[in-house]
Amino acid sequence: MTRLSGYLLPTEREPPADAEAVSHKLMVRAGLIRQVGAGLWSWLPAGWRVHQRAVGIVREEIDAIGAQEMLMPVMHPAEVWRRTGRYGIDELFKLQDRRGADLVLAMTHEEIVTLHVAQVVRSYRDLPFVLYHFSIKERDEPRPRAGVLRTREFIMKDSYSFDRDLEGLHASYDRHFDAYARIFERCGLEWYACESDVGMMGGFGAHEFMAPCAAGENEVALADGYAANVEVASADAQPVELPAPRDAPEPVETPGMTTVEQVSGALGVPPGALLKAFPVVVDGRGLVMTVVRGDHRVNEVKLRNALGAEFRPARPEEVAESIGPGGFIGPVGTDVPILLDDAVAPGGYVTGANEADRHLRGVEPERDFAFERADVRRVEAGDTVGGRAIRLEAAIEVGNIFKLGTRFSEPLGATYLDEAGAEQPIWMGSYGIGPARIAAAAVEQSADEAGIAWPRALAPFDVELVVLGKEGSDERAAADGLYDELTSLGLDVLYDDRDAGPGDKFADAELLGCPLRLTLGRRGLEAGELEVQLRRGREKRTVPLDGAAEAVAELWRAVP
RNA sequence: CGGGGAGUGGCGCAGCCUGGUAGCGCAUCCGGCUGGGGGCCGGAAGGUCGCAGGUUCAAAUCCUGUCUCCCCGACCA
């Protein structure tokens with residue numbers, strides 16, 4: 001029984017002044033969420049229904065692959081996190097209890113779930129299995145943003161697979177991949193899976209499930225049959241026309257020209273005919289000069305992976321001391337090791353001369369400087385993969401799956417005895433999904449000028465019934481009856497029985513965005529008709545009042 | 001962490017420069033009209049101007065400090 005007259009659905013005509021993202025504006029305006037602090041949000045009743053619908057779909061599909069639901073606490077002793085070396089993570093909230101014992105608030109639950117498994121699993125006969133829970137995650141994000149798209153506290157479904165070997169892990173991973181595909185499909189999202197960075201945790205492979213939308217924080221490189229986070233994407237660069245070769249590098253005066261644009265403009269060569277130096281200080285190795293084409297940019301994730309170590313950009317004084325004046329540095333005549341990007345084809349380039357106000361032209365890799373090769377540049381729109389041009393698209397990460405390997409089982413002693421009685425580490429995978437992001441992504445993808453147009457599976461209610469007519473009128477009586485019939489057919493109905501004008505009711509209904517809006521007023525009652533608006537596209541049609549409930553149920557089943 | 005912006009009634013804003021009775025639209029409450037796209041008339045309630053300190057006869061307004069929030073970037077296993 002959901003009558004709007006008694007339901008907390010505080011809609012707003014205006015979005016919050018500082019909101020940018022569509023989902024942020026609309027979810028607040030529609031009365032779904034309210035802000036408590038930076039990255040901290042309450043879900044109001046209608047919003048929580050959406051969230052729980054997403055949760056329900058996730059639960060069904062994860063149950064369907066044989067995973068077992070449980071619940072683990074949000075607050076953990078710091079000790080476990082120290083053991084896995086994750087206590088130092090900046091995003092980890094740390095606190096103390098009254099006795100001064102260190103505690104953390106969980107970002108995820110690898111530590112705790114592995115601890116349990118370490119205590120319980122003895123034999124290969126106990127494996128494999130998958131555990132999961134829905135629980136609150138806490139992350140001290142440097143910058144929460146965009147409503148519920150990036151928050152400091154959120155609910156996540158995280159599952160963990162436990163297998164005896166890598167082969168088993170692959171199988172568990174594949175099952176999750178398929179389950180995730182079904183989940184996002186059922187949620188009515190536009191989505192794709194893409195290769196992603198395995199990060200500092202190492203690991204044996206990872207995918208991110210991306211929902212394209214303007215407010216997305218990730219950039220994805222897409223081509224036919226190819227999808228990868230730009231963090232890891234590789235592609236063939238667009239060729240660049242190089243000037244005629246020279247026998248040796250030749251100095252050229254470039255007073256005050258410290259940018260690629262200035263130099264390429266002054267020398268009349270394309271930016272891609274320059275080499276750009278990006279000096280970094282690598283942990284345990286010192287200064288390294290990364291060199292990419294002038295029209296390319298260094299991708300720091302790829303660079304970190306190529307170096308196999310953390311690094312930081314070199315400070316200006318370090319550059320000045322060891323290489324040359326800022327803005328004029330280059331790979332020729334320096335003893336700093338050079339890491340040359342794969343996209344730099346053979347030929348003569350313009351580079352810094354390591355002297356103020358001077359560049360060199362006709363610089364050829366190999367002939368003029370020694371180097372190591374690696375793919376460290378960020379892909380650009382128009383690059384190709386297998387001959388197909390890629391485009392870059394913003395997307396929000398709605399799920400991720402990760403082959404952990406033995407990253408957690410080893411430090412926490414999660415082992416089993418194999419058939420030969422030998423102790424072996426358990427192979428793990430971890431798999432996350434954020435229902436709040438599913439909801440926000442659905443809003444981002446479906447919204448129009450009138451508000452939200454929920455996919456059927458996520459809508460807070462299946463239909464919204466708008467009655468136009470005072471209490472005690474015939475319209476009301478008819479609407480009351482229709483409401484009961486719809487409910488008895490199993491539909492979730494929001495009944496707008498408020499004493500408000502039609503404009504208010506229509507506007508609110510379209511803002512909230514249930515798939516079907518039913519309107520019953522005097523006009524329709526006299527004609528024996530019920531108006532049905534399909535929210536997506538806002539197309540209106542009528543069905544006979546006689547048998548209207550069944551007709552509505554049928555329309556609802558056909559809606560996307 | 002760097003840069004930029006903002007805190008004035010539930011929401012959106014003006015007022016601040018040039019100190020002197022705190023204002024507008026929407027929403028809310030009461031009465032009436034209206035009843036198929038945020039309608040109309042009349043009446044009413046609601047604000048320690050983020051917080052602390054200072055200057056002044058007098059501070060939303062000037063000064064200092066502080067907290068919070070937002071945006072861009074960095075960052076985000």
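Predicted, not measured: the structure shown is a model, and the values here were computed from it. In what follows, chains are A, B, ... by sequence order, proteins preceding strands, each numbered from 1.
A close approach under 4.0 Å does occur between a side-chain nitrogen or oxygen of A/Arg143 and OP1 or OP2 of B/C71. A close approach under 4.0 Å does occur between a side-chain nitrogen or oxygen of A/Gln35 and OP1 or OP2 of B/C70.
Rounded to whole Å, atom C1' of B/C71 lies 15 Å from atom CG of A/Leu149. Taking atom CG on A/Asp508 and atom C1' on B/A27, their separation rounds to 12 Å, with Å as the unit. Distance, A/Leu468 CG to B/U34 P: 16 Å, rounded to whole Å. In this structure, A/Glu300 places its CD atom 12 Å from C1' of B/G73, rounding to the nearest Å. Between the CD1 atom of A/Ile396 and the C1' atom of B/C76 there is a distance of 12 Å, rounded to whole Å. One can place CD of A/Glu219 at 10 Å from P of B/A74, the figure rounded to the nearest angstrom. The separation between A/Arg145 atom CZ and B/C75 atom P is 15 Å, rounded to whole Å. The separation between A/Phe506 atom CZ and B/G38 atom P is 10 Å, rounded to whole Å.
Counting any heavy atom pair closer than 4.0 Å across all strands shown, A/Ala19 reaches no nucleic acid atom. Within the 4.0 angstrom heavy-atom criterion, no nucleotide atom of any strand lies near A/Gly469. No contact: A/Asp90 has no heavy atom under 4.0 Å from any strand. Contact annotation for A/Asp140: no contact, since no heavy-atom pair falls under 4.0 Å across all strands. Among the atoms of the strands shown, only primed sugar atoms or phosphate atoms (P, OP1, OP2) are found under 4.0 Å from some heavy atom of A/Ala146.
Taking only distance into account, the side chain of A/Lys470 meets the base of B/G35 through a donor-acceptor pair shorter than 3.5 Å. Put simply, the side chain of A/Glu510 and the base of B/G38 share no donor and acceptor less than 3.5 Å apart. In this model, a side-chain donor or acceptor of A/Arg517 finds a partner on the base of B/G37 within 3.5 Å.
Between B/G20 and B/U61, the distance separating the two P atoms is 10 Å to the nearest Å. Here the separation of B/U48 from B/A60, taken at their P atoms, is 12 Å to the nearest Å. Rounded to the nearest Å, the gap between the P atom of B/C24 and that of B/G9 is 14 Å. On the P atoms, B/G39 is 46 Å away from B/G3, given to the nearest whole Å. Across the C1' atoms, B/U55 and B/C62 are found 8 Å apart, a figure rounded to whole Å. Atom name P, nucleotides B/U21 and B/A58: the rounded distance is 15 Å, in whole Å. For the C1' atoms, the distance linking B/G4 with B/G46 amounts to 34 Å, nearest Å. Taking atom P on both B/C63 and B/C16, the two are 14 Å apart, rounded to the nearest angstrom.
With a 3.5 Å ceiling on both atom-pair distances, the Watson-Crick or G-U wobble partner of B/C29 is B/G43. The partner of B/C49 is absent, by the rule that a Watson-Crick or G-U pair needs both atom distances under 3.5 Å. Figure legend. B/A60 is base-paired to no nucleotide; pairs are counted as Watson-Crick or G-U wobble with both atom distances under 3.5 Å. Nucleotide B/G73 forms a pair with B/C1, judged by Watson-Crick or G-U wobble geometry with both contacts under 3.5 Å.
Here A/Phe177 and A/Phe209 bring their ring centres to under 6.0 angstrom of each other.
At a cut-off of 3.5 Å, with distance as the only test, no side-chain donor of A/Asn218 or A/Glu208 sits close to an acceptor on the other residue. If you check the side chains of A/Asp375 and A/Ser234, you find a donor sitting under 3.5 Å from an acceptor. For the residue pair A/Lys25 / A/Ser23, no side-chain donor-acceptor distance below 3.5 Å is found, with atom types taken as modelled.
Taking a 6.0 Å sphere around CZ of A/Arg152, one finds it holds more than 12 heavy atoms contributed by other residues, nucleotides or ligands. More than 12 non-hydrogen atoms from other residues, nucleotides or ligands lie less than 6.0 angstrom from CE of A/Met70.
With RNA chain B read from its 5' end, the first of the two nearest nucleotides for A/Thr108 and A/Gly39 is the one closest to A/Gly39. With RNA chain B read from its 5' end, the first of the two nearest nucleotides for A/Trp41 and A/Arg150 is the one closest to A/Trp41.
A/Tyr431 and A/Tyr173 have tilted rings, their planes meeting at an angle from 30° to 60° on a 0 to 90° scale.
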Using a cut-off of under 3.5 Å, enumerate the N/O to N/O pairs linking the protein to nucleotides 6-16 of chain B.
residue	atom	partner	partner atom	Å
B/G12	OP1	A/Ala17	N	3.2

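In this structure, A/Arg437 forms no cation-pi arrangement with A/Phe154, as its terminal cationic atom is not both closer than 6.0 Å to the ring centre and no more than 45° off the ring axis.
In terms of the salt bridge (charged side-chain N to carboxylate O under 4.0 Å, His left out) criterion, residue partners of A/Arg150 (sequence neighbours excluded) are, by chain and number, A/Glu141, A/Glu217. With sequence neighbours excluded, no residue forms a salt bridge (charged side-chain N to carboxylate O under 4.0 Å, His left out) with A/Glu471.
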